[in-house]
S.K.: 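Structure in structure tokens, see below.
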Amino acid sequence: MVKHELERLISEAVRKAQAAGDLPAVAVPDAPLERPQRPEHGDYASSLAMRLARLAGQSPMEIAKTAVKHMDLDEAVGSVDVAPPGFLNIRLSPSWLAAQVDAILEAGERFGDVPLGGGRSLQVEYVSANPVGPIHVGNGRGLALGDTLANVLAAAGYQVQREYLVNDAGTQTETFAATLYARYQQLFGREVEIPEGGYPGEYMISLAQRLREEKGDSLLAPPGEPYPPEVHDLGVTRMMDVIRDDLAMVGVHYDRWFSERSLYSDGTYEKSLAHLRDGGFVTEREGAVWLSSSELGDEKDNVLVRSTGAPTYFASDIAYHYDKFLVRGFQRVIDVWGADHQGHVPRMKAAAAALGVDPERLTIILYQLVTLKRGAEVVRLSKRAGEVVTLREVVEEVGADAVRFFFVSRAADSHMDFDIELAKRQSAENPVYYVQYAHARIAGILSHAAERIRSFEDGDVSLLTHESELALVRKMLQLAELVESVAVSLEPHQLPYYAMDLAAAFHDFYEKCRVVSDDEALSKARLKLVAAAKLALARALGLMGVSAPERM
RNA sequence: GCGCUCGUAGCUCAGUCCGGAUAGAGCGCAGCCCUGCGGAGGCUGAGGUCGUGGGUUCGAGUCCCACCGAGCGCGCCA
């Protein structure tokens, strides 16, 4: 990547200046290259001279000039200027930029890949909504975040596994089953109410109807008796079918759907508990079993096994992470959770430590919950009130691409409002179409060209010298830097902003430069440029899980 | 009460991690551009005490402190 190459050249220059005695031999601070906002400040800028000034006892301007004097030449570098108060402004060489078009075409669909991960294994777990209802809008955020992150990490050279934890063992699915059974009985004319704290949503009635279609009255127990186990299992299975469809609709596919219950049936739970005991982090008091998490950075101890003998959600999650780290051996695990789980973070970190796993290997990304609105009115996502705004409903209204682009555009920390009315009204104004339009426009140009020019493989990219042509190349080259920075920061919301910029660079070029013209040599060169831009746009969109249409 | 997160243009949000040059984008608003490859496009303009007050610094939207406001968390719930 040219950015790293330039950083290397600059620190080399300083070292050489020190060796030559032009700069004092002080420790050189880190100074990553910046992207200046103003084009006249070049493609990259370094503030190293300012950072070095106090240590070196020289003025930033002097230091910058000295550094330039000792800097090696590189074919990518067009010029290096010193600007007050001591910036080093680097401009890329136009001929080098033009030549990158061929490099992009060569990289093809892998353009933007970066060797950061080195094939290390990494797991991303996201959504993992309880199988007690369909995916709702609030989950949209976790899905866009987690899925995009997984895409980017794969592009950054990690071996990524996507996983959904199916909470099929807890009290919530029991309440779900009880509700389902009540609805099922109602279909056969029994006068029963859904349980207190149950799920009053309409979808439970459809689910009950489905059970009746599949099983007739065979699931009916004698009146007053609890539901047969099959109601629970079949209900959860059918609910997961719905959830799988909901997620597929927005392009989310998992490598593995992990059953929480399997932790108990295959002995993982017992093993993880034994492992904690061996480490000496387990105590018993008041009839319950506790993890001494307060010794490991949490504010307090937490219950693993209730006095009833039933494991807590915490114990379940420990067993699950025991499986992730110690059984399956992921080097790194990323969990994407809603901010309502924030209290769970320190204890899971403590649990990792208790398992002998460096807590650094567990990254938990919290995203702020979505406030759902219908106009000015706040819609409470309480399942008890039964008002669920499903993801499906919104996707059918505004489209999967717009939904994903919208959710991935917001930083995880931002507290966002989702106004369903506004989203519907403004779906045509969603910026995603601006980016997709650029892609479709290029497809149009390429098919227009195909009727006139046999092939442009022999196009000479050195003919690309127009300012807007080079600006487009510059923007394309930024993709790899972005993939790297997102893979490190785990903040994929940078992606849509980049995609907008890239599309803008293309549209600007399109306005100023005719691609297919009487000048065949230039036409071929520009067709190469445009084909490269198409790759870059498709990649940027693809990383976000958004389609790149040939026509709209 | 304590803790975490947030407060930037009319609206929705980037920029804060790692301080740097005149604070950006989309939408909305006012105006302009089609006798050539897709006008879901391009160009121009109006619009900002970066929540408030202190502090650190050559330099603060960015770091520190206090305060105000909002969301979330502080269970033998998940």
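Computed from a predicted model, the values in this text were never measured in an experiment. No hydrogens, no waters, no symmetry mates; every other heavy atom, side chains included, goes into these values. Proteins get letters first, then strands, A, B, ... in listed order; numbering begins at 1 in each.
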S.K.: Mind checking A:R452 for me? I need base, sugar-phosphate or nothing, with any heavy atom below 4.0 Å counting as a touch.
M.R.: nothing
S.K.: Quantified in whole Å, what is the C1' atom distance between nucleotide B:C34 and nucleotide B:A40?
M.R.: 16 Å
S.K.: Just how far is it from atom OH of A:Y164 to atom CE of A:M240, taken to the nearest 0.5 Å?
M.R.: 4.5 Å
S.K.: Taking any heavy-atom pair under 4.0 Å as a contact, classify A:E550: base, sugar-phosphate, or nothing.
M.R.: base
S.K.: Can you tell me how far C1' in B:U12 sits from the matching atom in B:G3, rounded to whole Å?
M.R.: 29 Å
S.K.: Would you mind pulling out the nucleotide paired to B:C37, Watson-Crick or G-U wobble, both distances under 3.5 Å?
M.R.: none
S.K.: What is the distance, to the nearest angstrom, from the CG atom on A:L495 to the P atom on B:A14?
M.R.: 14 Å
S.K.: Which of the following nucleotides, B:G38, B:G71, B:A78, is nearest to the side chain of A:A440?
M.R.: B:G38
S.K.: Round to the nearest Å and state the distance from A:L482 atom CG to B:G15 atom P.
M.R.: 12 Å
S.K.: Please figure out whether A:L369 or A:G170 has its closest RNA chain B nucleotide nearer the 5' end.
M.R.: A:L369
S.K.: Whether A:R410 engages the ring of A:F406 as a cation-pi pair (distance to the six-membered ring centre under 6.0 angstrom, angle to the ring normal within 45°) should be assessed.
M.R.: yes
S.K.: Whole angstrom is fine here: how far is it from CD1 in A:I364 over to P in B:U5?
M.R.: 15 Å
S.K.: Would you kindly give the CZ-to-P distance between A:R410 and B:G7, to the nearest whole Å?
M.R.: 14 Å
S.K.: Not counting sequence neighbours, which residues clear ring pair (Phe, Tyr, Trp, His ring centres under 6.0 Å) with A:F509? List them please.
M.R.: none
S.K.: In whole Å, what separates the P atom of B:G47 from that of B:C58?
M.R.: 35 Å
S.K.: Among B:C72, B:C74, B:A78, find the nucleotide with the atom closest to the side chain of A:D340.
M.R.: B:C72
S.K.: Under a 3.5 Å cut-off for both contacts, is B:U62 paired Watson-Crick or G-U wobble with anything, and if yes, with which nucleotide?
M.R.: none
S.K.: Take atom P in B:A23 and the same atom in B:C64, then report the distance between them in whole Å.
M.R.: 23 Å
S.K.: Watson-Crick or G-U wobble partner for B:U56, using a 3.5 Å limit on both distances?
M.R.: none
S.K.: Using atom P of each nucleotide, how far apart are B:C67 and B:G61 to the nearest Å?
M.R.: 23 Å
S.K.: How would you label the contact of A:D417 with the nucleic acid (heavy atoms, under 4.0 Å): base, sugar-phosphate, or nothing?
M.R.: sugar-phosphate
S.K.: Is the phosphate of B:G15, meaning OP1 or OP2, less than 4.0 Å from a side-chain N or O of A:H493?
M.R.: yes
S.K.: Side chain of A:S414, base of B:C6: donor and acceptor closer than 3.5 Å?
M.R.: no
S.K.: Quick check: any donor-acceptor pair below 3.5 Å linking the side-chain of A:Q342 to the base of B:C72?
M.R.: yes
S.K.: Fit a plane to each ring of A:F506 and A:Y510, take the angle between them on a 0 to 90° scale, and name the class: parallel (under 30°), tilted (30 to 60°) or perpendicular (over 60°).
M.R.: tilted
S.K.: Take the protein atom CD of A:Q494 and the nucleotide atom C1' of B:U16, then report the distance between them rounded to whole Å.
M.R.: 11 Å
S.K.: Is the shortest side-chain heavy-atom distance between A:E484 and A:H4 below 4.5 Å?
M.R.: yes
S.K.: C1' atom, B:G10 versus B:G28: distance in rounded Å?
M.R.: 8 Å
S.K.: Look at all strands and tell whether A:R347 reaches a base, only sugar-phosphate, or nothing, counting heavy atoms closer than 4.0 Å.
M.R.: base
S.K.: Go through B:A78, B:C76, B:A14 for me and flag the one nearest to the A:N167 side chain.
M.R.: B:A78
S.K.: Check the pair A:Y264, A:S316 against side chain to side chain donor-acceptor pair (under 3.5 Å), reporting the backbone distance first and the verdict last.
M.R.: CA-CA 9 Å; A:Y264 297 95; A:S316 245; 2.6 Å; yes
S.K.: P atom, B:C4 versus B:C65: distance in rounded Å?
M.R.: 10 Å
S.K.: Taking A:S292 for its side chain and A:E295 for its backbone only, find out whether a donor-acceptor pair lies under 3.5 Å.
M.R.: no
S.K.: How would you list, by chain and number, every residue that makes a side chain to side chain contact (heavy atoms under 4.5 Å, CB included) with A:T268, sequence neighbours excluded?
M.R.: A:L263, A:D266, A:Y322, A:D323
S.K.: Does B:G7 have a Watson-Crick or wobble mate here (both distances under 3.5 Å), and if so which one?
M.R.: B:C68
S.K.: A:A339 has a side chain; which of B:C72, B:C76, B:A78 sits nearest to it?
M.R.: B:C72
S.K.: Taking the P atom of each, how far is B:C74 from B:C29, in whole Å?
M.R.: 44 Å
S.K.: What is the distance, to the nearest angstrom, from the CG atom on A:N302 to the P atom on B:C76?
M.R.: 8 Å
S.K.: Any side-chain N or O of A:Q368 below 4.0 angstrom from OP1/OP2 of B:C4?
M.R.: no
S.K.: Give a yes or no answer on whether the side chain of A:T308 reaches the backbone of A:A310 with a donor-acceptor pair at less than 3.5 Å.
M.R.: yes
S.K.: For B:A30, what is the paired nucleotide under Watson-Crick or G-U wobble rules, both distances under 3.5 Å?
M.R.: B:U44
S.K.: If each of A:D413 and A:F406 is mapped to the nucleotide of RNA chain B with the nearest heavy atom, which maps nearer the 5' terminus, i.e. the 5' end?
M.R.: A:D413
S.K.: Which one of A:L543, A:L482, A:V408 satisfies the side-chain contact (heavy atoms from CB on, under 4.5 Å) criterion with A:P492?
M.R.: A:V408
S.K.: Which base sits across from B:G24 as a Watson-Crick or G-U pair, both distances under 3.5 Å?
M.R.: B:C13
S.K.: Could I get a table of every N or O pair under 3.5 Å where one atom is in the protein and the other is in nucleotides 41-48 of chain B?
M.R.:
unit_1, atom_1, unit_2, atom_2, d
B:G41, O2', A:R441, NH1, 3.0
B:G41, O2', A:E511, OE2, 3.4
B:G42, OP1, A:Y434, OH, 2.5

S.K.: Report each atom pair, protein N/O against N/O of nucleotides 19-25 of chain B, whose distance is under 3.5 angstrom.
M.R.:
unit_1, atom_1, unit_2, atom_2, d
B:A21, N6, A:N89, OD1, 2.9
B:A21, N1, A:N89, OD1, 3.3
B:A21, N1, A:N89, ND2, 3.2
B:A21, N3, A:H41, NE2, 3.3
B:U22, O2, A:R38, NH1, 3.4
B:U22, N3, A:R38, NH1, 3.0
B:U22, N3, A:R38, NH2, 2.7
B:U22, O4, A:R38, NE, 3.3
B:U22, O4, A:R38, NH2, 2.7

S.K.: Starting at CZ of A:F405 and ending at C1' of B:U12, how long is that distance when rounded to a whole Å?
M.R.: 13 Å
S.K.: Could you state the CD1-C1' distance from A:I318 to B:A78, rounded to the nearest angstrom?
M.R.: 14 Å
S.K.: Thinking salt bridges, do A:D233 and A:R261 make one under a 4.0 Å N-O criterion?
M.R.: yes
S.K.: Taking the side chain of A:H415 as its heavy atoms from C-beta onward, which of B:C6, B:G26, B:A14 lies nearest to it?
M.R.: B:C6
S.K.: According to side chain to side chain contact (heavy atoms under 4.5 Å, CB included), who are the partners of A:D43, at least two apart in sequence or on a separate chain?
M.R.: A:R91, A:L92, A:R474
S.K.: Just name whichever nucleotide pairs with B:G1, Watson-Crick or G-U, keeping both distances under 3.5 Å, else none.
M.R.: B:C74
S.K.: Run the side chain to side chain contact (heavy atoms under 4.5 Å, CB included) test against A:A504 and tell me which residues pass, sequence neighbours left out.
M.R.: A:Y434
S.K.: Students often get this wrong, so: under 4.0 angstrom with heavy atoms, is A:S489 touching a base, only sugar-phosphate, or nothing?
M.R.: nothing
